[in-house]
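Bear in mind the structure is a predicted one, so any value in this text is a computation, not a measurement. Atoms within each ligand, like the ligands themselves, are counted from 1 in listed order.
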Amino acid sequence: MSEFTVSRRQVLASAVAAGAVVATGSPAAAHDTAEPFPLGVASGDPTAHSVILWTRLARDLYAPGGLSRRTVEVGWEVATDERFRRVVRRGTTLARPELAHSVHVDAGGLEPGREYFYRFKALGEVSPVGRTRTAPEPWADPRSLRFAIANCQDFQNGYWPAYDALSNEDLDLVVHLGDYIYEYDPSSRFPDRRHVAPETPGLDQLRTLSDYRNRHAQYKTDPALRAAHAAFPWVVTWDDHETENNYAALVDELDSGAAHQTAAQFAKQRAAAYQAYYEHMPIRANLRPGSPDLRIFRRFDFGRLLRLNMLDTRQYRTDQPGTADFGPVEAGLGNTSGTLTGRDQERWLTSGLIGSPARWNVVAQQVMMSRTLLPNPALVPPTMANLDQWDGYAPQRERLLGVLADHRVANPVVLAGDIHSTWFSELHRDFDRLDVPPVAVEFVSTSISSDFPAAFDAPVKAANPLLNPHVKYFDGLKRGYLRCTVDRHGWRTDVRTVDSIETRRSPVRTQASYAVAAGTSRIVAA
Ligand code: FE
Ligand code: CA
């Protein structure tokens, strides 16, 4: 305890600054911390009576051994007020070196649909305070639900004023759809946004457990991200970059070259990536260190208003058809044995949709489901599709949309990220038969900071009315997040974008608003 001489109590208002308290004041320059909670606090996976509370102790962000190899006792408290006068739950848990001194408390015995505050105590110090919220009882009829959708936060491509804005929203929940970290080597226009180098520079990717841990820790040095975690419970899933660009199950990105690995080699990398992800996320999962598998597809009910199915379309998918990201749409149409979810997850999803009591049934996942034809710069064939998306797995998409239609699943809403641009689409069983009513809607959120080349924006905007008339809104120019407000009668999505990611602070505005009336699967300007 004597090694921590300064005692701090932090309330939510100062949580932004709290985690950045380092010896020299600059997280990028020096990463020895004077206090044991430099990565902040987070909560997630809310049910009606419990929520996961997360933190990770560290003295040196990029050397977990800095806390020595000992196990540390961590106390936790949940209160109904920010000053912890009314503590309703408390306990102790252990932060173990084999899990990088991360802590996941499944705090139970809470009341449904209410706000709580939480904090940790360890090594004589008190953590920043987090705010969270439980879900309503499964049979309840909450009046409304309000949440944000975020994804794709390439640290090196710019700052995160989007998270600054998101923290100031009034939300029940944040849903993160992946690309929480990027695996690439240091390279940034911004001196304080350069990735910490992995153990083997030159591969342009992470590979070892300490590589992935350091990258996650670096991302959480950003005060805007820590504030967003401290402000709301999150439900997270991963996409490819938490492990490696465009991987599919145990098939890595490249078919050849220095970075290529066999399935057995890649399994070790995936185990490291999945473990570090778990260690840094407020997620309810059963991690076995060293295992290349981690089940994170799971389901949340917010009363009878909304069912949230969180998918994992990376761990179980078959390899993308073709050799490049983009290819002829026929390659996806012919991928009859292809799957994005694997058979077990598809069965789990289908039964959760068919048997759902919910008014709105959300399929939250990584890659765009809408058919998306893009003009081919090579002209032959005239169009191409992104085969890493559902277009590469068209038969499974048709199967899923068929289930939604045949079983009259109530108000299906697909959410996606990955493509660093905003796309709102009506989903048809047959995208060539727009005279038949759509069976679902899809909202694809732009990136928090990852790049969408500005030069692509105008050609896509010009091509959409012709090639993709089911797309009701597209924009590639702005970074931000989506804010969704849902009640029994309708769903509203606001496109919340920042002016610039060149600076830490930038104004946020509502760039567009669209709505879906219950029972229609039609997207209209709101
Ligand atoms: Fe991305
Ligand atoms: Ca991605």
S.K.: Everything protein-side that's N, O or S and under 3.0 Å from the Ca ion (ligand 2): list it, residue and atom.
M.R.: Asp179 OD2, Asp239 OD2, Asp240 OD1, Asp418 OD1

S.K.: My understanding is that only residues two or more places apart in sequence, or in another chain, count here; which of them pass salt bridge (Lys or Arg N to Asp or Glu O under 4.0 Å) with Asp179?
M.R.: none

S.K.: Quick one: sort the Tyr219 and Trp160 rings into parallel, tilted or perpendicular, breaks at 30° and 60°.
M.R.: tilted

S.K.: Going by the salt bridge (charged side-chain N to carboxylate O under 4.0 Å, His left out) test, which pairs reach into residues 369-383, not counting sequence neighbours?
M.R.: Arg371-Asp432

S.K.: What protein N/O/S atoms lie closer than 2.8 Å to the Fe ion (ligand 1)?
M.R.: Cys152 SG, Asp179 OD2, Tyr182 OH, His420 NE2

S.K.: Once the angle between the rings of Phe431 and His470 is folded into 0 to 90°, is it parallel (under 30°), tilted (30 to 60°) or perpendicular (over 60°)?
M.R.: tilted

S.K.: Taking the six-membered ring of Phe190, is the NZ or CZ of Arg194 close enough (under 6.0 Å from the centre) and on axis enough (within 45°)?
M.R.: no

S.K.: Less than 6.0 angstrom separating the ring centers of Trp423 and Tyr473, yes or no?
M.R.: no

S.K.: Return the orientation label for the His104 and Tyr278 ring planes: parallel under 30°, perpendicular over 60°, tilted otherwise.
M.R.: parallel

S.K.: May I ask you to decide if the ring planes of Tyr163 and His176 are parallel, tilted or perpendicular, using 30° and 60° as cut-offs?
M.R.: parallel

S.K.: Which is it for His195 and Tyr182 under the ring pair (Phe, Tyr, Trp, His ring centres under 6.0 Å) test, yes or no, and what are the steps along the way?
M.R.: CA-CA 9 Å; His195 279 159; Tyr182 282 75; 7.9 Å; no

